[in-house]
Amino acid sequence: MMRSIAMRVAVAAAALFAAVLTAPQAIAAEAPTVRVSSEADATTKAIAKDDPQAAAAAATVCGTGYTLQKAIPLPVGTDPDLRLATLFSYGNSGNGCAIMDNNVGASRYMYLQVCKVGGTSCDTDSGNFSSYAGPVYVTSFACAPVTAKMGTSSTNLSINYKSSYVFPCN
């Protein structure tokens, strides 16, 4: 009997501990928010509005205080509802962060790189990911070139994107 009570107390304590740990995430999942730059384009604002959970989750991966600068459905020209990935760029006091969100729902080869202007001081993340590639960071992010790739392998790509306009060019 004593062992049964101890077991019930242990199970109850574990359940309480799990509830305390998951409660903030559950609350955050219900009402995700991300700050969107006032200079963000219409596509970025629409993606942040239509998929706030993904935009907020990517911002959280970057760290605290980041503002969404741009969200790009990939491959470029794809209807945002049919995209394979979404490239998110965030800014925070002159620092930039990029995340490529995997919208396929299965592990894919992903490559994400951001560099300072001129192609120096690059930060890269690559591998097979089911959620996202990144975060990759850059200081002085104005016009920082970004490369994003995704496919079934590094040689069989469905996305091969490169742009200098993922971060604002002020």
Side-chain angles (χ1 to χ4, degrees), residues 18 21-22 24-37 39-92 95-116 119 121-138 141 143-169:
L21 283 180
T22 59
Q25 289 84 359
I27 291 167
E30 290 172 12
T33 60
V34 62
R35 289 182 299 169
V36 179
S37 170
E39 298 170 6
D41 63 19
T43 300
T44 299
K45 290 176 182 177
I47 288 173
K49 181 181 178 218
D50 294 343
D51 198 356
Q53 205 163 15
T60 301
V61 171
C62 286
T64 59
Y66 279 88
T67 300
L68 179 62
Q69 303 290 319
K70 196 160 188 76
I72 302 168
L74 296 174
V76 171
T78 301
D79 179 310
D81 292 332
L82 303 175
R83 64 193 182 265
L84 301 176
T86 307
L87 178 59
F88 291 103
S89 67
Y90 298 87
N92 182 2
N95 296 312
C97 174
I99 301 282
M100 185 168 54
D101 192 30
N102 178 340
N103 301 127
V104 175
S107 182
R108 292 288 186 263
Y109 169 78
M110 297 174 78
Y111 174 95
L112 183 60
Q113 182 181 65
V114 62
C115 303
K116 284 187 176 183
S121 300
C122 298
D123 189 14
T124 304
D125 189 25
S126 66
N128 290 313
F129 305 113
S130 58
S131 297
Y132 59 87
V136 292
Y137 297 96
V138 64
F141 65 85
C143 296
V146 174
T147 302
K149 300 177 183 183
M150 182 179 178
T152 55
S153 70
S154 62
T155 57
N156 187 13
L157 299 173
S158 48
I159 296 170
N160 191 359
Y161 175 81
K162 186 165 187 159
S163 177
S164 297
Y165 301 105
V166 175
F167 294 101
C169 292

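This structure is a prediction, so every number in the text was calculated from the model and none was measured. Basis for what follows: all heavy atoms, side chains included, without hydrogens, waters or symmetry-related copies.
A donor-acceptor pair under 3.5 Å links the side-chain atoms of Asn103 to the main chain of Thr86, judged by distance alone. Looking at Asn102, its side chain never comes within 3.5 Å of a backbone N or O of Ala133 through a donor-acceptor pair. Using modelled atom types, no side-chain atom of Tyr90 and backbone atom of Gly65 make a donor-acceptor pair closer than 3.5 Å. A donor-acceptor contact shorter than 3.5 Å is absent between the side chain of Thr78 and the backbone of Leu74.
The nearest pair of heavy atoms linking Thr44 to Ala71 is OG1-N, 2.9 Å. The two residues Tyr66 and Cys97 make their nearest non-hydrogen contact at CE2-CB, 3.7 Å. The two atoms that bring Val34 and Ala59 nearest to each other are CG2-CB, 3.7 Å, heavy atoms only. The two residues Met100 and Tyr111 make their nearest non-hydrogen contact at CE-O, 3.7 Å. The shortest non-hydrogen separation linking Ala58 to Ile99 is O-CG1, 3.8 Å. Listed here is the closest heavy atom pair of Leu68 and Ser89: CD1-O, 3.5 Å.
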Show which side-chain atoms of residues 146-157 pair as donor or acceptor with protein atoms under 3.5 Å away, not counting sequence neighbours.
residue: Thr152; atom: OG1; partner: Asn156; partner atom: ND2; Å: 2.8
residue: Ser153; atom: OG; partner: Thr155; partner atom: N; Å: 3.3
residue: Ser153; atom: OG; partner: Thr155; partner atom: OG1; Å: 3.3
residue: Ser153; atom: OG; partner: Asn156; partner atom: N; Å: 3.1

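Under the 4.5 Å side-chain criterion, counting only non-hydrogen atoms from C-beta, Tyr137 is not in contact with Asn95. With a 4.5 Å cut-off on side-chain heavy atoms, Leu84 and Pro75 count as touching. Here the side chains of Tyr161 and Val166 are in contact, with some heavy-atom distance below 4.5 Å.
Taking Ser164 as the reference, nothing meets the side chain to side chain donor-acceptor pair (under 3.5 Å) condition, with sequence neighbours excluded. Legend: residues meeting side chain to side chain donor-acceptor pair (under 3.5 Å) with Thr67, ordered by chain and number and at least two apart, are absent. Partners of Ala106 according to the side-chain contact (heavy atoms from CB on, under 4.5 Å) rule, which considers only residues two or more places apart in sequence or in another chain, are Val104, Arg108.
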Practice item. Walk me through it: do Leu112 and Phe129 pass the test side-chain contact (heavy atoms from CB on, under 4.5 Å)? Key: CA-CA 11 Å; Leu112 183 60; Phe129 305 113; over 6 Å; no
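Counting only residues at least two apart or on different chains, the side-chain hydrogen bond (donor to acceptor under 3.5 Å, both in side chains) pairs with a member in residues 122-132 are Gln113-Thr124. For the salt bridge (charged side-chain N to carboxylate O under 4.0 Å, His left out) condition, the pairs that include at least one residue of residues 54-75, sequence neighbours left out, are Asp41-Lys70.
The CD1 atom of Ile72 sits 6.0 Å away from atom OG of Ser163, with the distance rounded to the nearest 0.5 Å. Taking CG of Asn92 as the reference point, atom CZ of Arg35 lies at 7.0 Å (rounded to 0.5 Å).
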